[in-house]
Chemist: 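If you scroll down you'll find the structure; I have some questions about it.
Source: prediction; values computed, not measured. Just so you know, these numbers use all the heavy atoms, side chains as well, and skip hydrogens, waters and symmetry mates.
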Amino acid sequence: MDQSIWLEFGTVHVLVAGDFMLDRYIEGTVSRISPEAPVPVVAVENTRETLGGAGNVVHNIVALGGCARALTCLGADREGDCIIDSLQGYGADTDMIIRDPNTVTSQKTRVIASHQQFLRYDQEKITPISKENLSTIQKNERVIFEGIDVVILSDYGKGFLTKESAQFLINAAKKRNIPVIVDPKGKDYSLYRGATVCTPNLKELKEASGIQVRSERELFEAAQQLREKNGLKNIVV
């Protein structure tokens, strides 16, 4: 691969807006079954936490040498603190992250033993972004987009990207001729109208289009239908 691609990527400033989560892993060993219920007893040996959701996107951008600015709403909780500490540790700009005591930061905990996942439990409160927090973002439009070359909307359906917030960000980017890449969620792609590129996987394409997609022709038809219906410039499946 041409090394100049990586050198060029090092000059790119990316705004990553969406649902940031904390991935927690509890790792150990199993040697017996609980006498209280027919479930394995995990002897915990290690616990670690990593960035999940849109946070992983930021991590990848920084790992490739790019610069990232995070835009989201986190709870005023320990999980939110961990996400911000991790982002700052990677050198990401966290100045635009809103902390809200009425918001619960999403955390996904996985219990793993012998390289197998026994259990996952999620701690979160899925609610649309509040009018107050959206207003804060709108008032800070100039600062949010200052120096940005590309926008990524990373949607995990946790409430930050509503039709109103997504359309505000897309239109603000379009005014500045900044391309917008969307990693979508759900069936309603009208949220992303005007985006430069939308990147559903095959399962998401089937769900959003209602087409089974059993051939390359059907894949093209489904993508074209979604693109035209929702005013998307390009779709990459």
Side-chain angles (χ1 to χ4, degrees), residues 1-25 48-74 79-99 105-108 129 137 140-161 165-185 189 191-192 194-201 204 232-237:
M1 181 177 288
D2 187 349
Q3 293 298 313
S4 64
I5 293 175
W6 303 114
L7 294 174
E8 188 175 329
F9 194 82
T11 67
V12 175
H13 290 70
V14 186
L15 174 66
V16 180
D19 301 306
F20 286 67
M21 295 177 272
L22 190 67
D23 283 342
R24 188 164 182 256
Y25 297 87
R48 58 188 176 91
E49 294 173 329
T50 62
L51 290 170
N56 189 48
V57 178
V58 170
H59 182 195
N60 290 337
I61 290 167
V62 174
L64 290 170
C67 300
R69 176 176 297 152
L71 177 64
T72 192
C73 182
L74 299 176
E79 290 74 24
D81 292 340
C82 289
I83 289 174
I84 289 179
D85 287 346
S86 294
L87 290 170
Q88 291 176 344
Y90 291 125
D93 180 350
T94 61
D95 289 347
M96 292 295 106
I97 293 180
I98 298 170
R99 305 298 297 274
T105 304
S106 292
Q107 176 178 266
K108 299 183 182 300
I129 184 172
I137 292 170
N140 286 282
E141 176 183 341
R142 182 188 62 79
V143 180
I144 288 170
F145 284 90
E146 186 175 2
I148 294 298
D149 300 304
V150 61
V151 174
I152 295 178
L153 301 186
S154 186
D155 193 354
Y156 282 81
K158 305 303 180 185
F160 181 80
L161 290 171
S165 62
Q167 283 300 295
F168 168 75
L169 292 169
I170 291 170
N171 290 328
K174 286 173 67 177
K175 285 192 300 185
R176 297 166 171 82
N177 294 316
I178 298 173
V180 179
I181 302 168
V182 177
D183 183 11
K185 187 73 173 179
Y189 282 28
L191 272 70
Y192 318 123
T196 312
V197 182
C198 189
T199 64
N201 59 33
E204 291 167 339
L232 304 167
K233 290 186 178 180
N234 303 279
I235 286 188
V236 177
V237 182

Chemist: Just to verify, what does Y189 make a side chain to side chain donor-acceptor pair (under 3.5 Å) with, not counting sequence neighbours?
Modeler: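 Side chain to side chain donor-acceptor pair (under 3.5 Å) list for Y189, sorted by chain: empty.
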Chemist: If you compare all heavy atoms of I148 against all heavy atoms of V150, which two are closest, and at what distance to 0.1 Å?
Modeler: CG2-O, 3.3 Å
Chemist: If you look at every heavy atom in Y192 and L232, which pair is closest and at what distance?
Modeler: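 Heavy atoms of Y192 and L232 come nearest at O-CD2, 3.1 Å.
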Chemist: With side-chain contact (heavy atoms from CB on, under 4.5 Å) as the criterion, how do V197 and I235 come out once you've worked through the C-alpha distance, each side chain's angles and the decisive distance to 0.1 Å?
Modeler: CA-CA 6 Å; V197 182; I235 286 188; over 6 Å; no
Chemist: Run the numbers on D81 and I83 for side-chain contact (heavy atoms from CB on, under 4.5 Å), then give the verdict.
Modeler: CA-CA 6 Å; D81 292 340; I83 289 174; over 6 Å; no
Chemist: For a 4.5 angstrom cut-off between non-hydrogen side-chain atoms, does I129 reach L161?
Modeler: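 They are not in contact (no side-chain heavy atoms under 4.5 Å apart), so the answer is no.
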Chemist: Looking at residues at least two apart in the chain, or sitting in another chain, which of them share a side chain to side chain contact (heavy atoms under 4.5 Å, CB included) with A68?
Modeler: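 Checked A68 against side chain to side chain contact (heavy atoms under 4.5 Å, CB included); matches are V58, I61, V62.
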Chemist: Could you pull out all residues at least two apart from N171 that satisfy side chain to side chain contact (heavy atoms under 4.5 Å, CB included)?
Modeler: Q167, K174
Chemist: Check whether any side-chain heavy atom of I152 sits under 4.5 Å from a side-chain heavy atom of D183, and report yes or no.
Modeler: no
Chemist: Which residues pass the side chain to side chain donor-acceptor pair (under 3.5 Å) test with T105, not counting sequence neighbours?
Modeler: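 Expected list: D77.
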Chemist: Can I181 and T199 be said to form a side-chain contact (heavy atoms from CB on, under 4.5 Å), step by step?
Modeler: CA-CA 8 Å; I181 302 168; T199 64; 4.3 Å; yes
Chemist: Suppose the criterion is salt bridge (Lys or Arg N to Asp or Glu O under 4.0 Å): which pairs have a residue in residues 83-98, not counting sequence neighbours?
Modeler: R69-D93
Chemist: Which is it for V237 and N201 under the side-chain contact (heavy atoms from CB on, under 4.5 Å) test, yes or no, and what are the steps along the way?
Modeler: CA-CA 5 Å; V237 182; N201 59 33; 5.9 Å; no
Chemist: Rounded to the nearest 0.5 Å, how far does CD1 of I144 lie from CD1 of I137?
Modeler: 6.0 Å
Chemist: List the residues meeting side chain to side chain donor-acceptor pair (under 3.5 Å) with K233, not counting sequence neighbours, and say none if there are none.
Modeler: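 Per chain and number, K233 pairs via side chain to side chain donor-acceptor pair (under 3.5 Å) with no residue.
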Chemist: So that I can tick it off, tell me whether E79 and K108 are bridged by a salt bridge, with the cut-off set at under 4.0 angstrom between side-chain N and carboxylate O.
Modeler: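 No, K108 and E79 are not salt-bridged.
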Chemist: I'd like to check the side chain to side chain contact (heavy atoms under 4.5 Å, CB included) partners of R142; sequence neighbours left out, ordered by chain and number.
Modeler: E146
Chemist: Between CG of L191 and CG of L169, what distance do you get to the nearest 0.5 Å?
Modeler: 11.5 Å
Chemist: Tell me which donor-acceptor pairs under 3.5 Å the side chains of residues 12-24 have, and how far apart each pair is, sequence neighbours excluded?
Modeler:
unit_1 : atom_1 : unit_2 : atom_2 : d
H13    : ND1    : T11    : O      : 3.2
D19    : OD1    : F160   : N      : 3.3
D19    : OD2    : Y156   : N      : 2.8
D19    : OD2    : G157   : N      : 3.2
D19    : OD2    : K158   : N      : 3.3
D23    : OD1    : R110   : NH1    : 3.4

Chemist: Name all residues meeting the side chain to side chain contact (heavy atoms under 4.5 Å, CB included) criterion together with T94; count only those two or more places apart in sequence or in a different chain, and write none if there are none.
Modeler: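 For T94 the side chain to side chain contact (heavy atoms under 4.5 Å, CB included) partners, ignoring immediate neighbours, are I84, L87, Q88, I97.
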Chemist: Hey, does V180 have a side-chain heavy atom less than 4.5 Å from the side chain of I178?
Modeler: no
Chemist: Restricting to non-hydrogen atoms, name the atom on S154 and the atom on G53 that form the minimum distance, rounded to 0.1 Å.
Modeler: OG-C, 4.4 Å
Chemist: So, D149 and R176, do they make that salt bridge, N to O below 4.0 Å?
Modeler: no
Chemist: Can you confirm whether L153 sits close enough to I170 that some side-chain heavy atom of one is under 4.5 Å from a side-chain heavy atom of the other?
Modeler: yes
Chemist: Of all the heavy-atom pairs spanning P184 and V182, show the shortest one and how long it is.
Modeler: CD-O, 3.4 Å
Chemist: So, using ring-ring contact (aromatic ring centres under 6.0 Å, His included) as the criterion, who are the partners of Y90 when residues are at least two apart?
Modeler: H59
